[in-house]
Amino acid sequence: MKEQVASLIESALKELVSAGTLPENHSSTVQLDRTRDKSHGDLASNVALTLAKSAGMPPRELAQLICAALPADSLVERTEIAGPGFINFFLSASSNQAIVAAVLQQAEHFGSSDAGKGRKVQVEYVSANPTGPLHVGHGRGAAVGDSLCRLLSATGWEVASEFYYNDAGAQIDNLALSVQARCKGLEPDDESWPEDGYRGEYIVDVARAYMAAEEVDAEDQHVAGAADADNLDEIRRFSVAYLRREQDLDLKAFGVHFDVYFLESSLYASGAVEEVVKTLQDNGHCFEQDGALWLRTTSFGDDKDRVMRKRDGGYTYFLPDVAYHLNKWQRGFERVINEQGADHHSTVTRVRAGLQALDQGIPGDWPDYVLHQMVTVMRDGEEVKLSKRAGSYLTLRDLIDEVGCDATRYFLVARGPSSQLTFDIDLALSQSNDNPVYYIQYAHARACSVMRKLAEQGWDWQQDRALQHLDQLSQEHEAALMRRLDRYPEVVASAAANSEPHTVATYLRELAADFHTWYNAHKMLVEDQPLRDARVALSLAVRQVIANGLGLLGVSAPQEM
RNA sequence: GGGGGUAUAGCUCAGUCGGAUAGAGCAACGGCCUUCUAAGCCGUGGGUCGAGGGUUCGAAUCCUUCUACCCCCGCCA
């Protein structure tokens, strides 16, 4: 609808050019915005303001000429010139009502587009180390990452989600040593407790299971506890599998699914890491110092050179990271989005620098990153401290159990990733209008309830018939609701393009508010059949869009509450 | 010290890549349930958009300086 009006302006401008009012080479892209204030019409354009200079006349005067040159169209009821020279477009009622038909006809596809043109995109997220349970920060990553996948998928991308398992580094040795210590009955404060060992209570559970020879199925592996406290390799194998299973269960409870679990260890097994070292050395970007092998990342915008291979011969996490991303590139992902906590910010420059040093034609700004800021959790007005070392731990599972999957997901995805997030458990728990999740879901449930009542009354409703009567939707509340519905595809497109799922949450809050207002102001199930048909159609359209939008957030749309 | 992020109502946050009188929710106060779900609606109060400067028809938004808070700056990941 917006595009159609924009093209009207384009043709008006063309006419003014041929009339000599505007120069041939006027530089303007027609900008058309939705108005905030409905007294300014539905759409407003600032073309007259931006072109006033090149036309050599006051903006308002130019605006008049543009309006006069606009081709007649049933879409636009009238135009107005306002303020310093805005052109306000008042759209006809029928053009507004057409959105209801569009929603009902496209149903679950309404809002989708083919903007991605089937191109491949990979979203990597969570990627937690298998050294402990998932905490709230991982939850934010899971909520945002999964929603990104849904958005990209809805906008025509071929999406692959991936979880990277750091199952090969020093922290895994640390995990194995910690579990071993627990197997031997040591406590974190004992003298022989491993330095920097994981102190959490969950380590006790792992040790107990290992010593009890429990069996664990995680993804593709089946591991049985060897019950031998001296066999560190078996302890490592068992511990990783055990914690991985725990994480998988958490993610499942959170409604998050990954297409690929990529193991860091596979990069060593396949020789990919060694190959990357060789390439980097051949390209002349490496040097040795203090017995370690360095990469000159400062040549690629880093503020410091980085160690690749430590003095003890082991690799830092940096090198497998580069090998991993080379692997992604070789798999054909022209677009990759890494969703991570902002504390990993420094890896961005480093990974990109490493990829540049490989000289494989990878773009300098590849891959994309979405970094989310830290999450603090409040309960009873006090911050719940999350300390991995001390082992006092609020896990994602705890949160899901306490406030439910829907509320947890909504709260974690409803804020812009770049702002710090305060998760208020009391608010998420409250079953009142304090809680925006319920507010949106309630709007959906109400619309469903109307349909049940319709059937109880013995009235029938047919879509084809109802769409004939959309002109009955003449109330201002109805017009506002339809204008809101019309915006939805733009919201989805922009949320996907800018990796901002929270804008969908904001939109749904507003849509739900419009719906509740209308619901209270006007009755849908009236005796007058054409009016009833039309209002039920609008209600169904709202229900559809709420369901579609909640779907993009991974939140359920209940039929009743 | 260097890098990144944030700063908008008492609180939690939006603000459609520069548009018109800056918006929601919560909290406070006052109304609405014999009527499709009151987990709802209507109304009132509440602001120097952290501070200064700049860019222009026009700035919460862009540039710059400063201040405060968060994160990172390891041969950990």
Side-chain angles (χ1 to χ4, degrees), chain A residues 31 33-37 39-40 44-46 49-50 52-53 58-59 82-86 88 127-129 131 166 169-172 174 196 264 289-294 302-304 306-318 320-321 341-349 371 373-374 376 378 414-422 424 427 430-439 441-443 445-454 456-457 487 490-491 494 498 502-503 505-507 509-510 512-513 515-526 535-536 539 560-561:
Chain A
Q31 193 186 329
D33 294 308
R34 289 177 192 282
T35 55
R36 200 175 304 174
D37 185 340
S39 71
H40 296 144
S45 180
N46 62 355
L49 289 162
T50 56
K53 247 181 199 166
F86 291 103
N88 294 335
S127 296
N129 291 336
T131 54
N166 295 102
Q171 79 284 356
I172 296 296
N174 190 10
D196 294 328
E264 180 188 11
Q289 187 182 308
D290 304 330
L293 185 65
W294 297 65
D302 206 353
D303 56 344
K304 240 195 238 185
R306 305 291 167 179
V307 170
M308 301 175 3
R309 192 169 59 212
K310 298 181 279 187
R311 205 178 308 140
D312 66 7
Y315 293 108
T316 62
Y317 72 94
F318 162 57
D321 266 7
D343 53 336
H344 289 250
H345 174 264
S346 51
T347 64
V348 176
T349 330
L371 302 176
Q373 294 289 327
M374 302 294 100
T376 53
M378 302 290 285
R415 301 274 128 86
S418 65
S419 60
Q420 290 168 47
L421 190 150
T422 305
D424 187 334
L427 175 60
S430 77
Q431 301 211 339
S432 70
N433 53 357
D434 310 3
N435 195 326
V437 194
Y438 292 128
Y439 185 85
Q441 291 182 322
Y442 185 49
R446 269 184 151 177
C448 292
S449 170
V450 168
M451 295 312 287
R452 287 192 295 269
K453 273 286 190 286
L454 179 83
E456 282 174 26
Q457 299 270 348
R487 288 193 47 188
E490 289 169 40
V491 171
S494 132
N498 302 322
H502 73 281
T503 56
T506 305
Y507 170 83
R509 185 74 182 67
E510 292 164 347
F515 179 77
H516 286 308
T517 295
W518 176 55
Y519 183 98
N520 277 276
H522 302 286
K523 190 161 174 161
M524 299 176 212
L525 301 182
V526 292
R535 286 186 173 168
V536 169
S539 169
E560 52 190 330
M561 293 176 70

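Chain letters run A, B, ... following the sequence lines, proteins first, then strands; residues in each count from 1. Since this is a predicted model, take the numbers as computed values, not measurements.
When distances are taken from the side chain of A:Met561 to each of B:rC36, B:rU16, B:rA39, the shortest belongs to B:rA39. Across B:rA38, B:rC41, B:rC75, the shortest atom-to-atom separation from the side chain of A:Tyr442 is found for B:rA38.
Judged by distance alone with a 3.5 Å cut-off, no donor-acceptor contact links the side chain of A:Asp33 to the base of B:rA20. For B:rG19, its base sits under 3.5 Å from the side chain of A:Asn46 at one donor and acceptor pair at least. Interface remark: the A:Tyr317 side chain does form a donor-acceptor pair with the B:rA77 base, using a distance-only criterion of under 3.5 Å. At a cut-off of 3.5 angstrom, counting only N and O atoms as typed in the model, there is no donor on one side facing an acceptor on the other between the side-chain of A:Arg415 and the base of B:rC13.
OP1 and OP2 of B:rU12 both lie 4.0 Å or more from every side-chain N or O belonging to A:Thr422. Between B:rC71 and A:Ser346, no contact under 4.0 Å exists linking OP1 or OP2 to a side-chain N or O. Of the side-chain N and O atoms in A:Lys453, one or more sit less than 4.0 angstrom from OP1 or OP2 of B:rU37. The side chain of A:Thr517 contributes an N or O atom lying less than 4.0 Å from OP1 or OP2 of B:rC42. Put simply, A:His502 has no side-chain N or O that comes within less than 4.0 Å of OP1 or OP2 on B:rU16. A sub-4.0 Å separation between OP1 or OP2 of B:rC76 and a side-chain N or O of A:Lys310 is present.
Spacing between atom CD of A:Gln420 and atom P of B:rU12 amounts to 11 Å, rounded to whole angstrom units. Atoms CZ (A:Arg306) and P (B:rC72) sit 15 Å apart, rounded to a whole Å. Spacing between atom CZ of A:Phe515 and atom P of B:rC42 amounts to 14 Å, rounded to whole angstrom units. The CE atom of A:Met374 sits 19 Å away from the P atom of B:rC69 (whole-angstrom rounding). Going from atom OH of A:Tyr439 over to atom C1' of B:rU37 covers 14 Å, rounded to whole Å. With rounding to whole Å, A:Arg446 atom CZ is found 15 Å from B:rC33 atom P. Between A:Gln373 atom CD and B:rU12 atom P there is a gap of 16 Å when expressed in whole angstrom units. When the P atom of B:rC17 is taken as reference, atom CZ of A:Arg34 falls 12 Å away, rounded to whole Å.
Taking the P atom of each, B:rC11 and B:rA28 are spaced 15 Å apart, rounded to whole Å. B:rU61 sits 16 Å from B:rU65 when the P atoms are compared, rounded to a whole Å. Comparing B:rG46 with B:rU8, their C1' atoms sit 14 Å apart, to the nearest whole Å. Spacing between B:rU21 and B:rU64 at atom C1', rounded to whole Å, works out to 30 Å. As rounded to the nearest Å, B:rU12 and B:rC36 have C1' atoms that lie 33 Å from one another. Comparing B:rC72 with B:rG25, their P atoms are spaced 36 Å from each other, to the whole Å. Across the C1' atoms, B:rC13 and B:rG47 are found 15 Å apart, a figure rounded to whole Å. When the P atom is used for both B:rA9 and B:rA14, the distance is 13 Å, rounded to whole Å.
Judged by distance alone, the side chain of A:Arg535 and the main-chain N or O of A:Lys523 form a donor-acceptor pair under 3.5 Å. Side-chain atoms of A:Thr316 come within 3.5 Å of backbone atoms of A:Val307 as a donor-acceptor pair (strictly under, hydrogens ignored).
Under 4.0 Å is where a charged nitrogen must lie from a carboxylate oxygen, and between A:Arg309 and A:Asp312 no such pair does.
A stacking contact links A:Phe86 to B:rA20: the aromatic ring centre lies within less than 5.5 Å of the base's six-membered ring centre, and the planes differ by less than 30°. Under the stacking definition used here (centres under 5.5 Å, planes under 30°), the residue A:His40 qualifies as stacked on the base of B:rA20.
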### Task
Go ahead and write out RNA chain B as dot-bracket, 5' to 3': ( ) for pairs within the strand, [ ] for ones crossing earlier pairs, | when the partner sits on another strand, dots for unpaired; Watson-Crick or G-U wobble, both distances under 3.5 Å.
(((((((..((((.....[...)))).(((((.......))))).....(((((..]....))))))))))))....

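Shown here are the salt bridge (Lys or Arg N to Asp or Glu O under 4.0 Å) partners of A:Glu490, two or more places apart in sequence or in another chain: A:Lys2, A:Arg34.
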